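This report concerns only the one structure given below.
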Amino acid sequence: MIKNIMQFLAISILISCCISMPVKANNSGNTKYPIVLVHGLSGFDSALADYFYGVKGALASVGSNQVYTPQVTGYETSEARGEELLTYLEELSAVTGITQFNLIGHSQGGIDSRYVASVRPDLVASVTSVGSPHFGSGTADFIKDSPLEGVTLSIGNAVGTFLAAITGDSSQQSNAMGSLEALNSTDAAIFNAKYPEGLRQGACQETPSHNAGSWWWPNWVSDYSVNDGDHQVNGVAYYSWAGTYNPLVDSNILDLADGLLSVTYLTIDEANDGVVGRCSTHLGKVIRDDYTMNHADEINGMFGLRGLWSANPLQLYKDHARRLAAAGL
């Protein structure tokens, strides 16, 4: 009897110690400089839902607690949006004393981030683009100077007006023509000539011949990184990743974005995410350019709805925070 009581007390003490033992915080993604998430075309900081849905929480789970989400005009040229982003960073720096930032931009947000890094490299530690059309979008080329241009611009401006109303931000009054000019291949080439930092050149932008599009590299391997140099220009490190998908097999019937993207997908003559071709997304160190994701999945959009076989976007952001932290950024 006494032996049983002693065993019970010993087990109770052991369990109590285990329960009270503090769990070590995960700080593997605690970057030296804060992360700034820059939204893309028609984007927002937070309206009906966060543009980068769930990304802040995912980053916090690996120790990235300083994450900012600026609001720039939804429809404008990348130079105009880039100036807005620059003003935001300068004001944030003045208030907080932070000297540099890690910019992560989705779609046009990646191009806006390049502009800031080009004109004020001292403010930027790194630029990471996610599904950004650095060499233009086939969809924008298809629309520009076609009968669809007028309708598309009207819809874009209407969306901007709607966002201005629901966010209370009058800066969302938009210039859809500016965005169309920013995203087609002809005007992208002009922009690239003025702000070439971080760009890759050559056939398919000379992507490393790792495994893009290869059947043998599993989609679930999210922390794959190509060892092809640091790609630093003027002290700024450049990275990129993107997705491609097949609407017939990689869609989610509940995801409203898939309905639109399955149409725009057909306007691009290479593997793409529904808006941007694979080769156009290359910037700096190409982490990977063929995750199974559409353009909305890249930001965990539509409340996180995605295809059954799609990569987990939140894991990609966590992995990248770790990558930046490991690089001393």
Side-chain angles (χ1 to χ4, degrees), residues 38-43 72-87 103 105-120 127-160 171-207 233 238 240 242 260-261 263-270 272-284 289 295 298:
V38 186
H39 68 73
L41 176 73
S42 79
V72 300
T73 302
Y75 293 90
E76 251 300 356
T77 66
S78 288
E79 287 173 314
R81 285 167 47 112
E83 277 296 318
E84 292 180 28
L85 177 59
L86 176 57
T87 298
L103 307 183
H106 174 247
S107 196
Q108 191 178 357
I111 304 174
D112 306 337
S113 299
R114 282 176 48 206
Y115 172 85
V116 175
S118 180
V119 301
R120 282 294 308 273
V127 169
T128 302
S129 69
V130 181
S132 297
H134 298 294
F135 297 87
S137 163
T139 301
D141 288 344
F142 181 81
I143 293 171
K144 187 172 173 60
D145 299 326
S146 77
L148 295 174
E149 181 175 316
V151 175
T152 303
L153 296 180
S154 296
I155 293 173
N157 287 325
V159 170
S171 71
Q172 286 301 304
Q173 299 293 344
S174 54
N175 171 19
M177 176 58 81
S179 286
L180 185 59
E181 290 176 351
L183 301 178
N184 73 83
S185 58
T186 299
D187 289 296
I190 296 172
F191 181 91
N192 291 345
K194 296 167 69 174
Y195 314 106
E197 294 85 356
L199 288 174
R200 304 184 71 98
Q201 302 294 340
C204 197
Q205 287 70 69
E206 289 296 329
T207 184
V233 182
Y238 289 85
S240 61
L260 174 61
L261 295 174
V263 175
T264 55
Y265 170 89
L266 299 174
T267 65
I268 304 173
D269 61 1
E270 64 169 324
N272 66 85
D273 64 3
V275 176
V276 185
R278 181 179 69 85
C279 294
S280 190
T281 66
H282 295 173
L283 178 76
D289 59 9
H295 201 64
E298 292 162 354

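Numbering starts at 1 and runs along the sequence shown. None of the values given here were measured: they were computed from a predicted structure. The analysis underlying the following values was restricted to heavy atoms, covering all of them including side chains, and did not include hydrogens, waters or symmetry mates.
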Once you round to the nearest 0.5 Å, how far does CG of L86 lie from CZ of R120? 6.0 Å
Stepwise side-chain contact (heavy atoms from CB on, under 4.5 Å) test for E79 and Y195: CA-CA 10 Å; E79 287 173 314; Y195 314 106; 2.6 Å; yes
V275 backbone acceptor or donor facing T264 side chain under 3.5 Å: no
Q108 side chain vs E76 backbone, donor-acceptor pair below 3.5 Å: yes
Flag, side chain of N192 to backbone of F135, donor-acceptor distance under 3.5 Å: no
For the atom pair CG (N272) and OG (S137), what is the distance rounded to the nearest 0.5 Å? 8.5 Å
Out of curiosity, D273 CG to S107 OG, how far, rounded to the nearest 0.5 Å? 8.0 Å
Would you call Y115 and E83 a side-chain contact if the rule is heavy atoms closer than 4.5 Å? yes
I need the T73 OG1 to L41 CG distance, nearest 0.5 Å. 11.5 Å
Do S113 and L85 have side-chain heavy atoms sitting under 4.5 Å apart? yes
Polar side-chain atom of H134 near backbone of H282 as donor-acceptor pair, under 3.5 Å: no
Are the side chain of H106 and the backbone of H295 linked by a donor-acceptor contact shorter than 3.5 Å? yes
Does S118 use its side chain to pair, donor to acceptor, with the backbone of R114 at less than 3.5 Å? no
Closest heavy-atom pair, E270 versus S280, reported as atoms and distance to 0.1 Å, is OE2-N, 4.2 Å
Just wondering, do I111 and L183 contact through their side chains at under 4.5 Å, heavy atoms? yes
Between G110 and S132 the two heavy atoms that sit nearest each other are CA-OG, 3.4 Å
Under 3.5 Å donor-acceptor, S240 side chain and L283 backbone: yes
Just by modelled atom types, is the A117 backbone N or O under 3.5 Å from a matching donor or acceptor in the E197 side chain? no
